[in-house]
Amino acid sequence: MRFTRYLVPTLREDPSDAVVMSHRLMLRAGLIRKESAGMYLYLPLGFRALHKITEIVREEMERAGALEFLMPELTSAELWKESGRWEAMGKEMIRIKDRNGLEYALAPTHEEAFTAAVRSIVSSYRDLPLNAYQINTKFRDEIRPRYGVMRSKEFIMKDAYSFDMDEEGLERSYQAMRTAYRNIFSRCGIETIPVEADTGAMGGSNSEEFMVASEVGEEVLLLCAACGYKANQERAEYRRPQAAHVEKMEELHAVDTPNVKTIDELAVFFDRGADEFLKSIVYLADGRPVMAVVPGDREINEVKLKNALGALEVELAPDSVVEEVTSAPVGFAGPIAKKPVRTVFDLSVRAKHNAITGANEKDRHYAGVNPGRDFALNEEADITSAIKSDECPKCGAALDERKGIEVGHIFKLGYKYTKSMNLTVLDENGRAVHPIMGCYGIGVNRTMAAVIEQHNDGRGIVWPMTVAPVQVHLVGIAKSDDEIAAVDEIYDMIMNAGIEVLFDDRKASPGVKFADADLIGMPIRVTVGKSFFKDDEIEVKLRRESEVVRVAKNAFIRHIRGLIEEEWGRLS
RNA sequence: CGGGGUGUAGCGCAGUCCGGUAGCGCACCUGGUUUGGGACCAGGGUGUCGUAGGUUCGAAUCCUAUCACCCCGACCA
């Protein structure tokens, strides 16, 4: 493709609204443009890169035995009502009505659609196991789209759903996907950190997220360098320190604390560390008030809390509920309750002595609070988030904390959809049984952004060979007609060799061309200029290296073929 | 949803306080000279100053409403 006939609108300056590197470079290299917040269009070069990624995904999915489908994007409300997610999905799902008032959702995911499809197509155990997948657009009404294609309202996802007769089958399907995912990401040239994860709104058991470490990552990962434990913060466990030995348990006594409410204020007021307070937060779990009690220096992990309570939904209670439960204004809640309310204590509360907590009375706190003596630890659970330097749950070493972007997620769904939507097949004995499901997603655009996050330098993108829009960037520096014809000939040679090439045939100065070549970042740059016209040598340079190799014309094609193969080999 | 900010040419921005003919750099178009790391000369403005209303002789500028976009936060008592 000739630059002058192609469309590569590179930008010299950073667009002002791009804050992360991948977003900036995608805009500047002319790969994408913003349509509006959270919606991006792909220009031809960007789309080629996206294609390269989807091709890798496709190959690995096929290799793992998955079958490619294409599902409708517009999904009827009926489908979602069957599984109960018409309500559960909430505002994240974009809903629309047709002219007759029929309701639809723009699919944010396709469990229901695939379950219904399989239900109507498959009826025998002989058809299982089945892993059905698609590469398709998903719609989510994100609270706040940001970081370009990293978090957008509309994005491309590879989603796969496996159906097996039993748990052993599911385990095989799951492991096949684990392998496929590792292959996919390594072929794309990105390093991922697989971590244990919560199964979220989808419901299920076993789960692994494929994270890419990044400053702008939206998830926090806890990693153990000693034993390799990896989990995201929603899920990460940690060991609680042993109870410190105390000389003497103080008497429980009330202290006037006029208008002192927050842990920070209390710490100043009492001149004690935040960890010496017990923070008591009132939540509504599926609409019922629940009190969660944790050390003052700890964050409540709502995912863990939800799981501990067996609730579908937990949210902070409004002030009115807090006042009713604690008989006091907000800021003075504590576990020494006047009114009975379900109370969950974090595992670390047990070890606290002579703590301070709200007295469930305006402007008063209790000091000398001792768990077990002053209140019963009826319900204990892990409901706080692990943080940096907490002890690893497996080996006790200090955990490290990193931010990450999720590019893939695999998990065992179980029977949630096959039961709620009544998908059955007949087994060997002619009995109807519910297959067990697994679900496997990859954010394709996000993967592309992750590739760029991991492969760039001060000048621009440094595409890995496997996902580069084209393999070779040919820069022609020709003046006379003869020279132009000579460069054209090289261009034809490359094309005829079946090598993907972008030929910068513009009448621009060399500096402009080199700068654009660096920005766009094709893996191999070929320069045909004075060294060719004088000495018959073509210059070949890898984008990721600075060394320029001069090659004779008759050895040239062989040379770049070798480079392509070599680069490809590094990534498989 | 809360807080902060920004909307002026394709991109980056000035002009707004203090109302008086729409600007700068890059990009772009025409002609010419150049050509190995973002050339130079000459000419050219491609604009609903986000939108709507108001004040005024006169509004990018003041007032009101509204929309969009960006950043931070989203309940830890």
Side-chain angles (χ1 to χ4, degrees), chain A residues 7-20 23-24 27-28 30 33-39 91 141-148 216 257 259-267 274 277-284 291-302 304-305 314-323 325-326 328-334 346 357-358 360 362 365 383-385 387 458-460 475-480 483-484 487 504 506-519 525 527-534 537 539 541 546 548 550:
Chain A
L7 198 56
V8 191
T10 55
L11 304 174
R12 191 173 293 197
E13 289 173 275
D14 277 334
S16 60
D17 57 5
V19 292
V20 304
H23 188 198
R24 288 212 291 262
L27 288 166
R28 285 191 51 205
R33 282 289 170 92
K34 184 168 74 177
E35 196 279 328
S36 65
M39 286 126 78
K91 290 185 174 167
D141 193 354
E142 291 290 343
I143 290 180
R144 181 144 94 90
R146 60 180 129 181
Y147 305 141
V216 300
T257 51
N259 220 24
V260 183
K261 297 177 183 177
T262 66
I263 293 293
D264 286 349
E265 289 165 4
L266 284 162
F277 297 83
L278 291 179
K279 186 159 67 177
S280 308
I281 312 292
V282 179
Y283 280 88
L284 287 178
M291 189 182 280
V293 181
V294 304
D297 61 338
R298 285 287 172 176
E299 299 286 314
I300 292 180
N301 181 322
E302 292 186 3
K304 288 182 178 180
L305 179 64
V314 296
E315 53 177 344
L316 279 172
D319 289 359
S320 59
V321 173
V322 177
E323 283 160 20
V325 168
T326 65
V330 171
F332 303 97
D346 184 65
T357 186
N360 295 323
K362 182 172 167 29
H365 281 77
I383 56 170
T384 51
S385 293
I387 54 171
R459 298 171 185 277
V475 177
I477 305 172
K479 291 156 209 165
S480 66
E483 288 173 352
I484 291 170
V487 181
D504 194 342
R506 291 177 298 176
K507 284 192 171 69
S509 73
V512 171
K513 293 185 181 186
F514 289 138
D516 271 346
D518 288 341
L519 175 59
R525 188 185 78 191
T527 308
V528 178
K530 63 187 178 195
S531 62
F532 180 66
F533 307 131
K534 241 178 16 202
E537 285 178 335
E539 292 162 55
K541 178 187 165 300
S546 53
V548 175
R550 296 184 168 209

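Order of the sequence lines fixes the chain letters, A, B, ..., with proteins taken first and strands second; residue numbering starts at 1 for each chain.
- On the P atoms, B:U21 is 31 Å away from B:C28, given to the nearest whole Å.
- Rounded to whole angstrom, the span from the CG atom of A:Leu316 across to the P atom of B:C1 amounts to 20 Å.
- Remark: side-chain polar atoms of A:Ser531 are paired, donor with acceptor, to backbone N or O of A:Glu537 under 3.5 angstrom.
- Using a 4.0 Å heavy-atom criterion, one finds that A:Val19 contacts the sugar-phosphate atoms exclusively.
- Taking the side chain as every heavy atom from C-beta outward, A:Asp516 and A:Val8 never approach each other to under 4.5 Å.
- B:U16 and B:C11 have their P atoms separated by 23 Å, given to the nearest Å.
- B:G19 and B:G31 have their P atoms separated by 46 Å, with the value rounded to a whole Å.
- Distance, A:Asp14 CG to B:C70 P: 16 Å, rounded to whole Å.
- In this structure, the nucleotide among B:G12, B:C70, B:G37 sitting nearest to the side chain of A:Arg459 is B:G37.
- Each of B:G36, B:C71, B:C76 was ranked by its minimum atom distance to the side chain of A:Ile477; first place goes to B:G36.
- Base pairing of B:G12: its partner is B:C24, meeting the Watson-Crick or G-U wobble criterion (both donor-acceptor distances under 3.5 Å).
- Counting to the nearest Å, the P atom of B:G73 and the CZ atom of A:Arg144 are 7 Å from each other.
- The nucleotide B:G19 finds no pairing partner, because no Watson-Crick or G-U wobble arrangement with both distances shorter than 3.5 Å includes it.
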(message) What does the B/S/- profile of nucleotides 26-34 of chain B look like, 5' to 3', with a 4.0 Å heavy-atom cutoff to protein?
(response) SS-------

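- Residue A:Arg525 contributes atom CZ, which lies 8 Å from atom C1' of B:G37 at whole-angstrom precision.
- Separating the CD1 atom of A:Ile143 from the C1' atom of B:C72 is a distance of 14 Å, rounded to the nearest angstrom.
- Residue A:Ala515 is classed as a base contact, given a heavy-atom separation below 4.0 Å to a base.
- Rounded to the nearest Å, the gap between the C1' atom of B:G45 and that of B:U64 is 33 Å.
- Pairing of B:C75, defined by two Watson-Crick or G-U wobble distances under 3.5 Å, is not identified with any nucleotide.
- The two residues A:Gly38 and A:Pro145 come nearest to each other via the heavy atoms CA-CB, 3.7 Å.
- In this structure, A:His365 and A:Ser531 both approach RNA chain B, and ranking their closest nucleotides by distance from the 5' end singles out A:Ser531.
- Contact annotation for A:Arg33: no contact, since no heavy-atom pair falls under 4.0 Å across all strands.
- Nucleic acid contact class of A:Val322 (heavy atoms, under 4.0 Å, all strands): base.
- Within the structure, a side-chain polar atom (N or O) of A:Ser16 is placed less than 4.0 Å from OP1 or OP2 of B:C13.
- Heavy atoms of A:Glu539 sit under 4.0 angstrom from at least one base atom.
- Looking at A:Asp518, its side chain comes within 3.5 Å of the base of B:G37 through a donor and an acceptor atom.
- Atom CZ in A:Arg24 sits roughly 15 Å away from atom C1' in B:C11 (whole-Å rounding).
- With contacts defined as side-chain heavy-atom distances shorter than 4.5 Å, the pair A:Lys34/A:Pro15 does not qualify.
- When distances are taken from the side chain of A:Ile300 to each of B:C69, B:G38, B:C76, the shortest belongs to B:C76.
- Distance noted for atom P between B:C75 and B:U6: 27 Å (whole Å).
- A:Ala478 comes within contact range of no nucleotide atom at all, as no heavy-atom separation falls under 4.0 Å.
- Judged by Watson-Crick or G-U wobble contacts below 3.5 Å, the nucleotide B:G53 has B:C63 as its partner.
- Under the Watson-Crick or G-U wobble criterion, with both distances below 3.5 Å, B:A42 is paired with B:U30.
- The heavy-atom pair separating A:Lys279 from A:Gly296 by the smallest distance is NZ-O, 3.7 Å.
- Considering only residues two or more places apart in sequence or on other chains, A:Tyr283 meets the ring-ring contact (aromatic ring centres under 6.0 Å, His included) condition with none of them.
- Distance CZ (A:Phe514) to P (B:G36): 9 Å, rounded to an integer number of Å.
- Of the candidates B:U35, B:C69, B:C76, B:C69 carries the atom nearest the A:Lys34 side chain, counting heavy atoms from C-beta on.
- The same atom, C1', is picked in B:G20 and in B:G5; the two are 30 Å apart, to the nearest Å.
- The two residues A:Ser385 and A:Lys304 have their closest heavy-atom pair at CA-NZ, 4.4 Å.
- Of the side-chain N and O atoms in A:Lys513, none sit less than 4.0 angstrom from OP1 or OP2 of B:U35.
- To the nearest whole angstrom, the two C1' atoms, one in B:G10 and one in B:U46, are 9 Å apart.
- If you check B:A68 for Watson-Crick or wobble pairing at under 3.5 angstrom, you find it paired to B:U6.
- Just one residue in the list A:Asp504, A:Val528, A:Thr527 forms a side chain to side chain contact (heavy atoms under 4.5 Å, CB included) with A:Val487, and that residue is A:Val528.
- Rounded to an integer number of Å, the gap from A:Glu35 CD to B:C70 P is 12 Å.
- As the counterpart of B:G37, no nucleotide is assigned, since no Watson-Crick or G-U wobble pattern has both distances under 3.5 Å.
- Separation of the P atoms belonging to B:A27 and B:C41 is 12 Å when rounded to the nearest angstrom.
- To the nearest 0.5 Å, atom NZ of residue A:Lys91 and atom CG of residue A:Asp141 are 9.5 Å apart.
- Proximity of A:Phe332 to A:Thr326: side-chain heavy atoms (C-beta onward) are nowhere separated by under 4.5 Å.
- Between the side chain of A:Asp346 and the main chain of A:Thr384, a donor-acceptor pair closer than 3.5 Å is present.
- Position along RNA chain B of the nearest nucleotide to A:Val330 versus A:Arg28 favours A:Arg28 as the more 5'-ward residue.
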